[in-house]
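Have a look at the structure below, then the notes.
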Amino acid sequence: MPEGHTLHRLARQHQRRYANRQVAVSSPQGRFATSAEIVDGRVLERAEAHGKHLFHHYGPDLVVHIHLGLYGKFSDVKHPVAEPRGLVRLRMVGPTHYADLRGPTACELITDHEAEAIHARLGEDPLRKDADPDRAWARISRSRAPLATLLMDQKVIAGVGNVYRAEALFRHGLDPQLPGKALGRKQWDELWLDLVDLLQDGVRQGKIETLRPEHDPTLLKPADRGALCARKVYAYRRTGEPCIVCGTPIAHDKHLARNLFWCPTCQPAVARTERQ
DNA sequence: TGAGTATGTTCAG
DNA sequence: TGAACCTACTCAT
């Protein structure tokens, strides 16, 4: 599930297992071969993530930039190193583990300047220490675009994807169509803090679970579990299923070619939320 | 076994 | 707005 939490989890794992050591870098599939040769045998100085982007820094002007896109995946396997299976775009072998990258949208060798340009165009990342929610608020509070658009706009908030969008809006009772400028400052502060919490939890768990304790079936007595589903989310991909909180069927629509899920009762349309 | 679908982004038209 | 990228999973046949 490559939303921001996945990339930050990978960055931490790569930092722990590969950073400050020489790594063998190759491209069994061939598409990254020329660049892999350049960094092969160098010391990986640092791995970091910003939103859904991953950066491996190999010293001056040598940065491997990775974006998983929709399908990309990084494996992490303990030695011994096995023959590559399938299309492995990048293989990075460290002292104890090796990581295979398959199906990324981007895997490229870039300069420090190009890496900075990517950072510069990305918005505030709830998982980064340098995130400034005021900057995101400045954009949201003067935008007529709906929250459904703004939350997924990587230039505004980096790292939130379709799952976190649906879940964060649900948890705050916000209508996905509410224009950014109709959101109150207090509502934004609460939403931002919750995104930080949710994404941090995603990094820890390696998966997205957003149910509050009172709705988490694994924390309830069997008799109280009722119709609560096994997947621990409120709205995402639960079209037509009863809302865990109020029982209203979860609604679904396409929004800018992406699936949007919400509860029409818990996230009432603009009129009520605008006054808050 | 094959069709359909997906958590994302970029580019052409 | 739709196609392309090109992987893994679920479901129907």
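When reading the values below, keep in mind they use all heavy atoms of this one structure, side chains included, and skip hydrogens, waters and symmetry mates. Below, chains carry the letters A, B, ... as their sequence lines are ordered, and counting in each starts from 1.
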Is the backbone of Val160(A) close enough, under 3.5 Å, to the side chain of Glu3(A) for a donor and an acceptor to pair up by distance?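 No, the answer is negative, given that no donor and acceptor are paired below the 3.5 Å cut-off.
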Look only at the side chain of Ser143(A) and the backbone of Arg139(A), and say whether a donor-acceptor pair between them is shorter than 3.5 Å.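 It does not hold such a pair.
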Proximity to the side chain of [X] - top-ranked nucleotide from [options]:
X         : options                : answer
Arg102(A) : dA8(C), dA6(B), dT9(B) : dA8(C)
Lys73(A)  : dA6(B), dA8(C), dT9(B) : dA8(C)
Tyr71(A)  : dT7(B), dT9(B), dC5(C) : dC5(C)

Rounded interatomic separation in angstrom, taking [atom1] from [X] and [atom2] from [N]:
X         : N       : atom1 : atom2 : answer
Asn259(A) : dG4(B)  : CG    : C1'   : 13 Å
Leu199(A) : dT7(B)  : CG    : P     : 17 Å
Ile208(A) : dA6(B)  : CD1   : P     : 16 Å
Leu101(A) : dC5(C)  : CG    : P     : 18 Å
Leu54(A)  : dT7(B)  : CG    : P     : 22 Å
Ile66(A)  : dT9(B)  : CD1   : P     : 15 Å
His67(A)  : dC11(B) : NE2   : P     : 13 Å
Leu260(A) : dA6(B)  : CG    : P     : 13 Å

Please list all pairs passing the salt bridge (charged side-chain N to carboxylate O under 4.0 Å, His left out) test where one or both residues lie in residues 145-156 of chain A, with sequence neighbours left out.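 Output for this query lists Asp153(A)-Lys155(A).
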Salt bridge between Arg185(A) and Asp134(A), side-chain N to carboxylate O under 4.0 Å?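 Looking at Arg185(A) and Asp134(A), the cut-off is met.
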Glu190(A) bridged to Lys186(A) by N-O distance under 4.0 Å: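 Salt bridge flag = yes for Lys186(A) with Glu190(A).
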Counting only non-hydrogen atoms, which of residues 152-161 of chain A are less than 4.0 Å from DNA chain B?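 Result for residues 152-161 of chain A: Met152(A), Gln154(A), Gly161(A), sorted by number.
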Do you see a donor-acceptor pair shorter than 3.5 Å between the side chains of Gln187(A) and His172(A)?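 Distance-only check fails for Gln187(A) and His172(A).
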Separation of the P atoms in dA8(C) and dT10(B), to the nearest angstrom: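 Result for the P pair: 23 Å, nearest Å.
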Have a look at [X] and say if it touches a base, only the backbone sugar-phosphate, or nothing, with a 4.0 Å heavy-atom cut-off.
X         : answer
Arg121(A) : sugar-phosphate
Leu68(A)  : nothing
Tyr164(A) : nothing

So which protein nitrogen or oxygen atoms get under 3.5 Å of nucleotides 1-4 of chain C's nitrogens or oxygens?
none

Let me check something: do Met152(A) and Leu199(A) share a hydrophobic cluster, defined by ILVMFWY side-chain heavy atoms less than 4.5 Å apart, either directly or through other members?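 No, Met152(A) does not connect to Leu199(A) through the hydrophobic network.
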Below 30° counts as parallel, above 60° as perpendicular, anything between as tilted: where do the rings of Phe261(A) and His252(A) land?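 Tilted: the ring planes of Phe261(A) and His252(A) meet at 30° to 60°.
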Mutual orientation of the aromatic rings belonging to His65(A) and His53(A) [parallel < 30°, tilted 30-60°, perpendicular > 60°]: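 Rings of His65(A) and His53(A): parallel, as their planes differ by under 30°.
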Which atom of Tyr58(A) lies closest to which atom of Val64(A), heavy atoms considered: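 Heavy-atom minimum between the residues: CE1-CG2, 3.8 Å.
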